[in-house]
Amino acid sequence: EVQLVESGGGLVKPGGSLRLSCTASGITFSNVWLSWVRQAPGKGLEWVGRIISKARGGTADYAAPVKGRFTISRDDSENTLYLQMNSLKTEDTAVYYCTTFNQFNAFEFWGQGRMVTVSS
Amino acid sequence: QSALTQPASVSGSPGQSITISCTGTSSDVGGYNLVSWYQQHPDKAPKLIIYEVNKRPSGVSDRFSGSKSGNTASLTISGLQAEDEADYYCCSYAGSFTFYVFGSGTKVTVL
């Protein structure tokens with residue numbers, strides 16, 4: 001059974017930084033492509049960014065609203081995905097989900113989500 | 001990149017069929033056969049129910065089906081059941097600049 005478990009998050013002031021982690025089990029982590037998707041309170045889903053497998057280059061791509069402020073990385077030895085969030089804004093307040101995504105660009109498995117609140 | 005357009009709500013009685021539309025542009029829905037659909041129950045993580053327009057992951061009920069025509073994708077739920085009451089989101093690949101765009105979401109109510 002595939003499991004994705006996020007950790008980190010919490011309350012941070014505008015302009016601050018926070019890091020989310022996502023630890024996976026039940027999959028060959030080094031082979032999977034991974035993504036972060038967020039959901040603001042009472043709102044819809046929004047893609048944040050993705051990172052491909054190291055075998056395919058290990059590069060990360062980002063949505064326009066977070067580009068230059070967020071960094072996605074992976075540690076295949078720890079089966080862990082990271083989301084480093086800097087220069088946080090109030091509009092970054094959301095539940096953040098880590099997901100795997102498949103060759104059909106579908107978000108296949110999801111973590112339980114982690115709340116990030118940006119407020120003074 | 002704007003969200004794909006979905007109706008805010010759709011309702012139906014048990015046993016009926018309902019269809020949710022997802023309208024985008026030729027840069028996303030119309031340009032790629034990479035539309036997926038997600039079901040989200042309250043306070044739960046989304047669940048993939050359709051990928052590549054009309055394919056179901058293992059374990060997903062065959063009451064869920066997908067299709068696409070031009071810039072509009074659709075999700076049909078047949079034999080509506082109480083457990084289908086949830087929010088539904090479409091998503092499309094949108095090329096190597098925007099990457100992925102989600103729909104605005106549709107709340108399905110079983111009457």
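Every chain is numbered from 1 and lettered A, B, ... according to where its sequence line falls, protein lines coming before strand lines. Since this is a predicted model, take the numbers as computed values, not measurements. Note that these values count all heavy atoms, side chains included, but never hydrogens, waters or copies made by symmetry.
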request  = Report the residue from A:L18, A:V118, A:T117 that forms a side chain to side chain contact (heavy atoms under 4.5 Å, CB included) with A:L11.
outcome  = A:T117
key: Considering all heavy atoms, the nearest A:L4-A:C22 contact   = CB-SG, 3.9 Å
ask   = Are A:V66 and A:F107 connected, step by step, through hydrophobic side chains (Ile, Leu, Val, Met, Phe, Trp, Tyr) whose heavy atoms are closer than 4.5 Å?
value = no
request  = Quick one: which of A:V95, A:L45, A:V37 has the most heavy-atom pairs under 4.5 Å with chain B, could you say?
outcome  = A:L45
request  = Using modelled atom types only, decide if a donor and an acceptor are shared between the side chain of A:N31 and the backbone of A:T28 within a distance under 3.5 Å.
outcome  = no
key: A:F101 reachable from A:V48 in the ILVMFWY side-chain graph, under 4.5 Å edges   = no
query = Side chain, backbone, both or neither: which part of A:F109 has a non-hydrogen atom closer than 4.5 Å to chain B?
reply = neither
key: Pairwise side-chain contact, A:T93 with A:V116, heavy-atom cut-off 4.5 Å (strictly under)   = no
Segment of B:P46 engaging chain A (4.5 angstrom heavy-atom cut-off) = both
ask   = What are the two closest non-hydrogen atoms of A:S53 and A:S30, and how far apart are they?
value = CB-O, 3.4 Å
query = Looking at B:L4 and B:G24, what are the two nearest heavy atoms and their distance?
reply = CD2-CA, 3.7 Å
query = Of all residues at least two apart in sequence or in a different chain, which pass the disulfide (SG to SG under 2.5 Å) check with B:C90?
reply = B:C22
ask   = Taking non-hydrogen atoms and a cut-off under 4.5 angstrom, which of residues 73-88 of chain A neighbour chain B?
value = none
Please tabulate the donor-acceptor pairs under 3.5 angstrom that span chain A and chain B, backbone and side chains included.
| unit_1 | atom_1 | unit_2 | atom_2 | d |
| --- | --- | --- | --- | --- |
| A:Q39 | OE1 | B:Q40 | NE2 | 2.9 |
| A:Q39 | NE2 | B:Q40 | OE1 | 3.0 |
| A:Q39 | NE2 | B:Y89 | OH | 3.3 |
| A:R50 | NH1 | B:Y100 | OH | 2.9 |
| A:Y97 | OH | B:Q40 | NE2 | 3.4 |
| A:N105 | OD1 | B:Y100 | OH | 2.4 |
| A:F107 | N | B:Y38 | OH | 2.7 |

inquiry  = For residues A:F104 and A:I52: do they belong to one hydrophobic cluster (side chain heavy atoms under 4.5 Å, members Ile, Leu, Val, Met, Phe, Trp, Tyr)?
reply    = yes
message = Checking A:S25 now: which residues fulfil side-chain hydrogen bond (donor to acceptor under 3.5 Å, both in side chains) with it, not counting sequence neighbours?
response = none
